[in-house]
Amino acid sequence: MLDRPALPEPLPYPVVDNHCHLDIVDGQSWLEPDEALALAGSVGVPRIVQIGCDLPGARWAVETATAYGAIVAGVAIHPNEAPRLADLHAALGKIESLAGSPRVRAIGETGLDYFRTGEDGVEAQRTSFAAHIALAHRLGKSLVIHDRDAHADVLSMLEEHGVPDRTILHCFSGDAQFARRCLDLGCYLSFAGTVTFKNADNVRDALRVAPSDRILVETDAPFLAPSPHRGRPNASYLIPTTVRAMAEIRGAELEDVCRAIAANTFAAFGGSW
């Protein structure tokens, strides 16, 4: 068993981990949903949005959200997955079927990733992203965007295909200028443990310019554990470390930030659960 970080001090007001991958096993450190929810709930994180990134993951997300009232799901084909599929159209059809579940609140994570996928995968990513945007519009569900090294094209596609009423930039990685452009389109900005990394001044600048009614928090667990736990397995119970850093960066009271994140998350995902 890998050594997991200790529980942080509980938050003064409960928030939601709006982006988690409970199905991804990182060595032997994986937490079953029961344990993940219990640990997170003990520190003020009683709810999770479980994100499925491929067909097996999307099915797992729907099944788990159906079994646990504290979990809702997002389903999609991840942009890095799209170029690998022999029949992307068929896979998108299956995602649409899964998205019809009332336990699915979001279409995502979808988007563009030019870091892990080269030029030969761009067309498939763009086709997939456009289809997911259309699906979010059609079903009236939130859109969760993965954007890595593709800021300009993500904005261009949102402008071309229309921004869904509830759109979340997952694990926001841009700077203050990009943040303002996303905010002008009505997007929510979700901040992960990266906001605590020494080399992430751009993300901290983005957090400072975001209005209090547009900020969310996430883990992207089991990835991106916040400092001082960077490189170790992440989990929803570490959200308080990130939220405390967010409050300090913004020069705001911790409880005020928690209350804003809680309200914003329910607004961004279509209501409480």
Side-chain angles (χ1 to χ4, degrees), residues 18-26 49-63 73-101 104-174 178 181-182 185 187-190 192 194 218 220-224:
N18 89 91
H19 196 109
C20 186
H21 302 285
L22 289 167
D23 57 319
I24 295 180
V25 180
D26 55 330
V49 182
Q50 167 64 21
I51 300 294
C53 289
D54 55 20
L55 286 175
R59 293 188 188 100
W60 194 93
V62 175
E63 291 169 359
V75 298
I77 302 297
H78 190 282
N80 289 331
E81 181 70 14
R84 303 184 185 125
L85 295 174
D87 191 340
L88 176 58
H89 179 75
L92 290 169
K94 292 176 182 176
I95 289 294
E96 180 164 5
S97 294
L98 290 166
S101 167
V104 172
R105 293 293 185 91
I107 308 302
E109 62 190 277
T110 180
L112 301 173
D113 188 321
Y114 296 163
F115 179 79
R116 295 193 181 280
T117 300
E119 291 184 6
D120 57 341
V122 169
E123 183 178 356
Q125 286 196 2
R126 290 176 66 87
T127 298
S128 180
F129 188 22
H132 285 91
I133 295 172
L135 181 59
H137 279 298
R138 193 156 60 247
L139 298 183
K141 300 203 175 185
S142 306
L143 181 72
V144 175
I145 297 176
H146 173 107
D147 163 32
R148 191 165 187 187
D149 293 353
H151 300 335
D153 284 358
V154 164
L155 287 176
S156 176
M157 288 197 65
L158 284 174
E159 290 168 347
E160 177 184 355
H161 296 282
V163 185
D165 290 339
R166 300 184 303 277
T167 295
I168 300 104
L169 269 294
H170 139 66
C171 192
F172 189 81
S173 60
F178 180 60
R181 294 185 66 189
C182 294
L185 293 177
C187 299
Y188 292 88
L189 310 184
S190 179
T194 45
E218 65 173 274
D220 199 24
F223 313 112
L224 302 179

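We count residues from 1, following the sequence as given.
- Applying the side chain to side chain donor-acceptor pair (under 3.5 Å) test to residues at least two apart or on different chains, the pairs with a partner in residues 49-60 are D23-Q50.
- A donor-acceptor pair under 3.5 Å is formed between the side chain of E218 and the backbone N or O of C171.
- Counting heavy-atom neighbours within 6.0 Å of R181 CZ, excluding the residue itself, gives a total of 12 or less.
- Rounding to the nearest 0.5 Å gives a distance of 5.5 Å between CZ of F178 and CG of L169.
- Taking CD1 of I168 as the start and OG of S190 as the end, the distance is 8.0 Å to the nearest 0.5 Å.
- Looking at every heavy atom in both residues, L155 comes nearest to C182 through CD2-SG, 4.1 Å.
- Considering all non-hydrogen atoms of both residues, A91 and L55 come closest at O-CD2, 3.8 Å.
- Under the side-chain hydrogen bond (donor to acceptor under 3.5 Å, both in side chains) criterion, T194 pairs with no residue, sequence neighbours left out.
- Listed here is the closest heavy atom pair of V49 and A73: CG1-C, 4.5 Å.
- One distance of note links CZ of R126 with CE of M157; it measures 5.0 Å at 0.5 Å rounding.
- Residues satisfying the side-chain hydrogen bond (donor to acceptor under 3.5 Å, both in side chains) test with H21, not counting sequence neighbours, are H19, E109, D220.
- In terms of heavy atoms, A124 sits closest to L88 at O-CD2, 3.7 Å.
- Few gaps surround CG on D149; more than 12 heavy atoms of other groups in view lie less than 6.0 Å from it.
- The distance from the OH atom of Y188 to the CG atom of N18 is 11.5 Å, given to the nearest 0.5 Å.
- The main-chain N or O of L112 is never found under 3.5 Å from a side-chain atom of Q125 such that the two would form a donor-acceptor pair.
- At least one side-chain heavy atom of S173 sits under 4.5 Å from a side-chain heavy atom of H151.
- The salt bridge (Lys or Arg N to Asp or Glu O under 4.0 Å) contacts involving residues 76-94 comprise E81-R84, where partners must be two or more places apart or lie in separate chains.
- With sequence neighbours excluded, no residue forms a ring pair (Phe, Tyr, Trp, His ring centres under 6.0 Å) with Y114.
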Let me check something: any side-chain donor-acceptor pairs from residues 127-145 under 3.5 Å, sequence neighbours excluded? List them with distances.
from, atom 1, to, atom 2, distance (Å)
T127, OG1, E123, O, 3.0
S128, OG, H132, ND1, 3.3
H132, ND1, T110, OG1, 3.3
H132, ND1, S128, O, 2.7
H132, NE2, I77, N, 3.1
H137, NE2, G162, O, 2.8
R138, NE, E96, OE2, 3.3
R138, NH2, E96, OE1, 3.2
R138, NH2, E96, OE2, 3.3
K141, NZ, A99, O, 2.6
K141, NZ, S101, O, 3.0
K141, NZ, V104, O, 2.8
S142, OG, R166, NE, 3.1
S142, OG, A268, O, 2.5

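- The shortest non-hydrogen separation linking P83 to G121 is CG-O, 3.6 Å.
- The aromatic rings of H146 and H170 lie tilted to each other, with the angle between the two planes from 30° to 60°.
- Across all their heavy atoms, V163 and L185 have their closest contact at CG1-O, 3.7 Å.
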